[in-house]
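Structure first, then comments.
Note that the structure is predicted; figures quoted are calculated from it, not measured.
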Amino acid sequence: MEMSAVLAGLILLGFGCQWLAWRTRLPAILFLLIAGLLLGPVTGFIDPQQIFGDMFFPMVEIGVAIILFEGSLTLRFREIRSFAPAIVLLVTVGAAIAVAGLAAAAHYLAGLPWPMALLFGAINCVSGPTVIIPLLRAVRPNARIAQVLRWEGIIIDPIGAMLALLAFEAIVLGSREHSGDLLLYTVGAGTALGLAAGFGVAELIRRQWVPEFLDNFLVTAAVVATYALSNQCAEESGLLAVTVMGITMANIRNLDVEHILNFKENLSIFLISMMFIVLSARIEWPSLDNFLAGLAILVVATLLIRPVSVYVSTLFSPLTFAERTMVAYVSPRGIVAAAVSALFALRLEEQGISGAHELVALTFMIIIGTVVLQSI
């Protein structure tokens, strides 16, 4: 089948999933996952890796960067003054609890060696905005719950990617002794480039050095360039850079970003639709042992690890117990977990390290399980 026909079919299928989600008032991710599973592991109709070749992962990475930037462009500090400490704790203490708990579950329930289990924990400590935002649009909780979930989902994604890089380096290079320096360098490079890009693009727009009809083009080009440049300076810092860039632009006074936000939201819907279908189409059916282990990890992650991380992180916050319980229940994994697990699994396979297949299978079971449970 020709590439043009495949792309046309995927675009139409993505639109159909989005329309069906609108009609049923369920998050579109649920239907996109089902569509990808039907096209890939169920029928074997398409193989995204074969169709797109070496361009597959670069396209996915750039798509994730644009999605994270769009989400971070909605994060305004004035909206979270009363519960900002809770968000900070969720993406630091809460993330550490999630990584440790998920790693222990993967080691004892799935039999993964500790380095691989830590990589699994880092990948799956995230709470994806690609699922959270459509979920909030459908469920419509109160403003405090929505803000906490949205901020956590967007900020935790680049943090999870960086932690995954540290675990990967430990597996491949045995560089545990350098992990602290690597983390500081990655965070520093991503933050510095993100701030520079955010202020620079904002200044161009405010001074009207670019005509308004090119604003969206400028911002999209700047996001892609910032992501690529940051990754060249420090591996896996690109997601942090574009997130910092978006937050910076969102909080600059007298900068109108509504027209940019509207364009990026539409673009994100398109990218999410395409990427979830092709990534889920890459899944291979897990063995019975992996399937049972994945179910056990899903139960432990949903009923134990996530509630503990949320209740500890929000202990002294103004959130009520009912609000904290709602936040503890909602933690679906999304496109970043899917993309990062697939990317690192490919790198591990290239290094001849066993366990990569189990890593992807278990990650996608967590994604599918959390999306299905929390969507319905």
(request) Say whether Arg333 and Ser127, considering side chains only, have a donor N or O and an acceptor N or O under 3.5 Å apart. (result)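 No, no side-chain donor-acceptor contact under 3.5 Å.
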(request) State which residues pass ring-ring contact (aromatic ring centres under 6.0 Å, His included) with Phe316; sequence neighbours excluded, sorted by chain then number. (result)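 By the ring-ring contact (aromatic ring centres under 6.0 Å, His included) rule, Phe316 matches no residue at all.
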(request) Just jot down the ring-ring contact (aromatic ring centres under 6.0 Å, His included) partners of Tyr329, sequence neighbours excluded, or say none. (result)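 Scan of Tyr329 (ring-ring contact (aromatic ring centres under 6.0 Å, His included), adjacent residues dropped) gives none.
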Over all heavy atoms of both residues, which pair between [X] and [Y] is shortest? Give the atoms and the distance, please.
X	Y	answer
Arg76	Asn251	CA-OD1, 3.3 Å
Leu73	Met249	CD1-CB, 3.8 Å
Val244	Thr248	O-OG1, 2.7 Å
Thr43	Leu39	OG1-O, 3.3 Å
Gln18	Ser273	NE2-OG, 2.8 Å
Arg282	Pro48	CG-CG, 3.9 Å

(request) Among residues two or more places apart or on two chains, list those pairs meeting salt bridge (charged side-chain N to carboxylate O under 4.0 Å, His left out) that have a residue in residues 92-115. (result)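 The answer is none; no pair qualifies.
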(message) Going by the rule salt bridge (Lys or Arg N to Asp or Glu O under 4.0 Å), which residues pair with Glu70 if we only count those two or more places apart in sequence or in a different chain?
(response)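 Scan of Glu70 (salt bridge (Lys or Arg N to Asp or Glu O under 4.0 Å), adjacent residues dropped) gives none.
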(message) Can you list everything that forms a salt bridge (Lys or Arg N to Asp or Glu O under 4.0 Å) with Arg324? Sequence neighbours excluded, please.
(response)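 Arg324: no salt bridge (Lys or Arg N to Asp or Glu O under 4.0 Å) contacts found.
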(message) Using the rule given for ring pair (Phe, Tyr, Trp, His ring centres under 6.0 Å), can you reason through Trp151 versus Phe77, listing the C-alpha separation, both sets of side-chain angles and the distance that settles it, and then say yes or no?
(response) CA-CA 10 Å; Trp151 273 80; Phe77 292 125; 5.7 Å; yes
(message) The test is side-chain contact (heavy atoms from CB on, under 4.5 Å); show your working for Phe15 and Ile11 and say whether it passes.
(response) CA-CA 6 Å; Phe15 171 79; Ile11 292 170; 5.8 Å; no
So, taking the atom named [atom1] in [X] and the one named [atom2] in [Y], what distance separates them when rounded to the nearest 0.5 Å?
X	Y	atom1	atom2	result
Cys125	Ile156	SG	CD1	4.5 Å
Phe56	Ile51	CZ	CD1	9.5 Å
Ser237	Tyr185	OG	OH	8.0 Å
Ser230	Leu239	OG	CG	9.0 Å
Ile123	Ile366	CD1	CD1	11.5 Å
Phe69	Ile66	CZ	CD1	10.0 Å

(message) Can you list everything that forms a side-chain contact (heavy atoms from CB on, under 4.5 Å) with Asn142? Sequence neighbours excluded, please.
(response)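 Checked Asn142 against side-chain contact (heavy atoms from CB on, under 4.5 Å); matches are Arg144, Ile145, Glu323.
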(request) Could you tell me which residues satisfy side-chain contact (heavy atoms from CB on, under 4.5 Å) with Thr226, sequence neighbours excluded, listed by chain and number? (result)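 In terms of side-chain contact (heavy atoms from CB on, under 4.5 Å), with neighbours along the sequence ignored, Thr226 is linked to Ala197, Ala241, Met245.
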(message) If the condition is side-chain hydrogen bond (donor to acceptor under 3.5 Å, both in side chains), which residues does Arg207 pass it with, not counting sequence neighbours?
(response)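 So Arg207 forms a side-chain hydrogen bond (donor to acceptor under 3.5 Å, both in side chains) with Glu203.
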(message) Could you work out, with side-chain hydrogen bond (donor to acceptor under 3.5 Å, both in side chains) as the rule, every residue matching Thr363, not counting sequence neighbours?
(response)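 Scan of Thr363 (side-chain hydrogen bond (donor to acceptor under 3.5 Å, both in side chains), adjacent residues dropped) gives Asn124.
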Is there a side-chain contact between [X] and [Y] (heavy atoms, below 4.5 Å)?
X	Y	value
Phe52	Leu7	yes
Val330	Pro332	yes
Met365	Leu298	no
Thr314	Val327	no
Ile159	Val126	no
Leu149	Glu152	yes
Glu235	Thr186	no
Leu119	Leu348	yes

Do [X] and [Y] belong to the same hydrophobic cluster, where Ile, Leu, Val, Met, Phe, Trp and Tyr are linked whenever their side-chain heavy atoms lie under 4.5 Å apart, directly or via other members?
X	Y	answer
Ile305	Leu118	no
Leu204	Leu229	no
Phe120	Leu304	yes
Met162	Leu193	no
Phe199	Ile247	yes

So, [X] side chain and [Y] main chain: donor-acceptor pair closer than 3.5 Å or not?
X	Y	result
Thr370	Ile367	yes
Asp157	Ala337	no
Asn290	Glu358	no
Ser313	Val310	no
Thr302	Val299	no

Side-chain donor/acceptor pairs under 3.5 Å, residues 97-116, sequence neighbours excluded:
{"from": "His107", "atom 1": "ND1", "to": "Leu112", "atom 2": "O", "distance (Å)": "2.8"}
{"from": "His107", "atom 1": "NE2", "to": "Trp114", "atom 2": "NE1", "distance (Å)": "3.2"}

(message) The test is side-chain contact (heavy atoms from CB on, under 4.5 Å); show your working for Thr24 and Phe31 and say whether it passes.
(response) CA-CA 11 Å; Thr24 58; Phe31 300 103; 3.4 Å; yes
(request) Check step by step if ring pair (Phe, Tyr, Trp, His ring centres under 6.0 Å) holds for Phe321 and Tyr311. (result) CA-CA 9 Å; Phe321 181 78; Tyr311 287 129; 5.7 Å; yes
(message) Determine whether Leu38 and Phe45 satisfy the following criterion, side-chain contact (heavy atoms from CB on, under 4.5 Å), listing intermediate values before the conclusion.
(response) CA-CA 8 Å; Leu38 290 174; Phe45 188 70; over 6 Å; no
Contacts table for residues 83-93: side-chain donor-acceptor under 3.5 angstrom, sequence neighbours left out:
{"from": "Thr92", "atom 1": "OG1", "to": "Val88", "atom 2": "O", "distance (Å)": "2.6"}
{"from": "Thr92", "atom 1": "OG1", "to": "Leu89", "atom 2": "O", "distance (Å)": "3.4"}

Expected list for residues 209-222: side-chain donor-acceptor pairs under 3.5 angstrom, two or more places apart:
{"from": "Asp215", "atom 1": "OD2", "to": "His259", "atom 2": "NE2", "distance (Å)": "3.0"}
{"from": "Thr220", "atom 1": "OG1", "to": "Asn216", "atom 2": "O", "distance (Å)": "2.8"}
{"from": "Thr220", "atom 1": "OG1", "to": "Lys264", "atom 2": "NZ", "distance (Å)": "2.7"}

